[in-house]
Amino acid sequence: MVNNDPCPRRHVCAKLVTVNKGRKEVIVLSINKPVTIGRHPKLCVRSGTGGIIVSCQDLSTNGLVLNGHMIRRTSVILMHGDILEIPSSLTFKCLHIWAEPNDKGNIFDPTPPLQPAQKRVGDYVVTSHCLGSGSFATVHLAVNKHKHRQVACKTIKARKGHELSQVWKEVKILLSLNHPNINRVYDVDQNGNFLHIFLELCTGGDLFTYIISHQETENRLCEGEAKYIMFQLLKGLTYLHDKLISHRGMEFHLPENILLYTPGPYPRIQIADFGLARPKAYQETLNVCGTVSYLPPEGILALDNKHLGYVGMPSDCWSAGVILFIMLSGFHPFDYDASSDSDWLEVVPDSQELDLLDLQQDTQCSQFSQSYARNENRVKQRILSGEIEFKDSIWRNLPRARDLVGRLLIRSPLNRGTVYSSMQSAWIADDLPALEAAYFDRVLAGP
Ligand SMILES: Nc1ncnc2c1ncn2[C@@H]1O[C@H](COP(=O)(O)OP(=O)(O)OP(=O)(O)O)[C@@H](O)[C@H]1O
């Protein structure tokens, strides 16, 4: 049966209802369908970890009033019951729509908490509204009560005292960083074994989710957008590398750790989740987390030979190369399923890979973990061999971008492209005035 309902009940996850006397208006919000109210706010709904995130971006010159406080040229998250006022115009109440278990189309349909719990931590009220979670932290929406500013509160639980003191050391450095493409750390608060880190709020989700939302173009971004994102990534990394700070390998490698400041195309991006020391176990869990696909060859070698260290800055450049490859091709250059696409050549046969990496198979391993380990070794092997398959159908028309990817994915960290040489690469330099102008309008002057 064809469903002719343009907006099925289960896709509606929030409403804005006017509270002005006499005039009733309802704005219906559903996932990934942005709505603009006149020339004023732009509203967008995303599904985070099963919950919904309703974001509202101010596009006006006069600002908006959220729960009695002015917000200007920025993006906020609207919670259930929030009051949003367009000065001299309408005032809305935001209502998240609760999907009863019976009403759910599938188990992933959002079920927002009607009354999120709140906890006071220093100057902040931390809500139970979860923005995301990773391997070691959960991130909740919080509000600075004095500055009336929404922030993200990342909570890390340390198992040992020295883990926290290490994190503290690094947070102190991060507190001093201030760049439009680096997720800002505003404050830190320790409560027993818990460390609460208050971060600049990003309302657009992560780059990986953004890339894979481009299903109609097989997960590929158009060249202009990929260039604009890469330009910002290089700007953020240049700022860090100028200060001799790097992401030190694994922390920044995932496109999941690049956040979109606000939702929508040609996004402003922020590098997030770096530098914060991981518990020691993190290095060991790399193998199970699958993070190896973002490690440079020297990082892979250091994993298996603990005495070999590796330097962070060239490794950041490798990661930038991987991310650029993914944005333009829709594939990971090393972590792909060769069998699903006959154009992809497998670099080294299975048996050789296993010999080469001397995989210690645990006899108790399930079939799943065995195939997982096999895949991981295949990925490691492809990275070590340094061979990258540039599909002609994709890269034929992108010779300059391909050249930049090639320079960033050079095996030897000494010969690899740097953030500085990448900024001067023909692919970026040829469009520098346009990139700088867009950056000025959208990042420096915009929200
Ligand atoms: N500043 C922020 N604004 C909004 N959401 C955020 C912010 N920082 C993190 N998040 C959300 O929380 C999720 C988890 O955060 P993060 O990746 O920092 O946790 P982690 O445990 O350190 O991760 P990892 O698994 O990479 O080690 C992110 O994927 C993102 O969805």
Side-chain angles (χ1 to χ4, degrees), residues 44 46-57 74-79 124 126-144 149-159 163-164 166-167 170-171 174-175 177-188 194-213 236 247-263 267-295 319 323 447:
C44 189
R46 290 186 298 110
S47 178
T49 47
I52 61 166
I53 295 174
V54 183
S55 65
C56 167
Q57 186 180 350
T74 186
S75 179
V76 289
I77 287 179
L78 296 183
M79 289 192 287
Y124 296 85
V126 181
T127 73
S128 60
H129 194 98
C130 184
L131 299 173
S133 55
S135 327
F136 293 99
T138 49
V139 180
H140 289 95
L141 180 66
V143 181
N144 180 320
R149 175 167 68 193
Q150 287 189 343
V151 297
C153 171
K154 176 166 176 166
T155 304
I156 298 174
K157 184 173 186 233
R159 274 168 295 174
E163 278 175 9
L164 268 192
Q166 178 62 21
V167 176
E170 299 191 4
V171 162
L174 298 183
L175 277 165
L177 301 180
N178 187 359
H179 187 272
N181 299 115
I182 308 282
N183 192 218
R184 186 126 181 235
V185 178
Y186 290 126
D187 266 314
V188 190
F194 291 95
L195 199 67
H196 302 290
I197 303 170
F198 296 96
L199 303 160
E200 190 171 6
L201 179 68
C202 288
T203 57
D206 64 74
L207 181 61
F208 181 73
T209 310
Y210 181 67
I211 293 171
I212 60 168
S213 72
H247 272 251
R248 294 183 323 146
M250 64 214 85
E251 283 93 350
F252 133 84
H253 287 170
L254 304 162
E256 284 96 320
N257 288 337
I258 296 177
L259 302 178
L260 274 51
Y261 194 61
T262 51
R268 166 177 169 185
I269 56 119
Q270 287 203 334
I271 305 170
D273 189 27
F274 67 96
L276 297 177
R278 300 285 183 227
K280 262 215 152 90
Y282 190 79
Q283 181 87 3
E284 283 136 37
T285 56
L286 267 178
N287 289 326
V288 275
C289 294
T291 321
V292 292
S293 52
Y294 291 88
L295 284 178
S319 308
I323 289 168

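Residue numbers count from 1 along this sequence. Start at 1 and go down the list; that is how both ligands and their atoms are numbered.
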**Complete:** Quick look: T203 vs ligand 1, heavy-atom contacts under 4.0 Å, and the answer is neither
**Fill in**
Taken in chain and number order and not counting sequence neighbours, the residues that satisfy side chain to side chain donor-acceptor pair (under 3.5 Å) with H196 are T155
**Side chain, backbone, both or neither: T138 near ligand 1, heavy atoms under 4.0 Å** = neither
**Fill in**
V126 meets the side-chain contact (heavy atoms from CB on, under 4.5 Å) criterion, sequence neighbours left out, with V121, H140, A142, C153, F198
**Request:** Look at ligand 1 and say whether D206 reaches it with a heavy atom at a distance under 4.0 Å.
**Result:** no
**Request:** Any atoms of ligand 1 less than 4.0 Å from a non-hydrogen atom of N183? List them with their elements.
**Result:** 1 (N)
**Request:** Using modelled atom types only, decide if a donor and an acceptor are shared between the side chain of N257 and the backbone of I271 within a distance under 3.5 Å.
**Result:** no
**Prompt:** Under 4.5 Å between any side-chain heavy atoms of C202 and L260, yes or no?
**Reply:** no
**Request:** Please state which part of L259 comes within less than 4.0 Å of ligand 1, counting heavy atoms only: side chain, backbone, both or neither.
**Result:** side chain
**Request:** Could you tell me whether K154 and ligand 1 have an N or O pair separated by under 3.5 Å?
**Result:** yes
**Prompt:** Which of the atoms of ligand 1 are close to L131, meaning less than 4.0 Å from one of its heavy atoms?
**Reply:** 4 (C), 5 (N), 11 (C), 31 (O)
**Asked** Given that the side chain starts at C-beta and the backbone is N, CA, C, O, which of these parts of S133 lies under 4.0 Å from ligand 1, counting heavy atoms, or is it both or neither?
**Response** backbone
**Nitrogen or oxygen of A152 less than 3.5 angstrom from that of ligand 1** = no
**Prompt:** Do I53 and T203 have side-chain heavy atoms sitting under 4.5 Å apart?
**Reply:** no
**Request:** Output the distance between atom CG (L207) and atom CD1 (I323), rounded to the nearest 0.5 Å.
**Result:** 6.5 Å
**Prompt:** Relative to atom 12 (O) of ligand 1, which among V139, I156, N257 owns the nearest non-hydrogen atom?
**Reply:** V139
**Request:** Report yes if some heavy atom in the side chain of L141 is under 4.5 Å from a heavy atom in the side chain of Q150; otherwise report no.
**Result:** yes
**Asked** Under a 4.0 Å heavy-atom limit, does C202 contact ligand 1 with its side chain, its backbone, both, or neither?
**Response** both
**Prompt:** Mind checking whether C44 and Q57 have side chains closer than 4.5 Å, heavy atoms only?
**Reply:** no
